[in-house]
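Taking it in order: structure first as structure tokens, then the write-up.
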Amino acid sequence: MPVPASSSMTDFNPGLVHRPLPSAEHTAGKGDIERPGAARNLIWQSRSQAPTDFENALGDALETAFDAGAETPTDVVASLNAQGLHTPDGRPWTEDAFLQAMRGLGA
């Protein structure tokens, strides 16, 4: 059972000796995986909005396609169409439409 945020361990074990947490190292780069401000900010790490319902459905359909062994855009397009997930305007996928959509979503 998780400990409620407002509780401390002493609420559950009054005999527990309090031990201070270790202090953080504040020297840039020491004790950190990366130097603050030096890491490249990739676009997918800072989306401007949550994925749309279509984008979530496309992601699920792509997982299904890859799980089934799709390796090329042609394979993926065949899987998306077989799953009944069409383009945002309701048409069956073509390889060109799929590649254009992937470029747009990755921008």
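Just so you know, residue 1 is the first one in the sequence shown, and it goes up from there. Predicted model, so just to flag it, every value in this text is computed and none were measured.
You'll find the side chain of F54 stays beyond 4.5 Å of the side chain of T87, heavy atoms only. Counting heavy atoms from C-beta on, the side chains of L58 and E63 never come closer than 4.5 Å.
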What's the verdict on side-chain contact (heavy atoms from CB on, under 4.5 Å) for T74 and F98, showing C-alpha distance, side-chain angles and the deciding distance? CA-CA 9 Å; T74 302; F98 173 72; over 6 Å; no
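The backbone N or O of A97 sits nowhere less than 3.5 Å from a side-chain atom of Q100 that would complete a donor-acceptor pair. Checking side-chain atoms of W93 against main-chain N and O of L85 turns up a donor-acceptor pair under 3.5 Å. Here the side chain of E95 pairs no donor or acceptor atom with the backbone of P73 at under 3.5 angstrom.
Residues H86 and P92 approach most closely at ND1-CA, 3.2 Å, considering heavy atoms. In plain terms, the two heavy atoms of D75 and E71 that are nearest each other are OD2-N, 3.0 Å.
One distance of note links CG of L80 with CG of L62; it measures 5.5 Å at 0.5 Å rounding.
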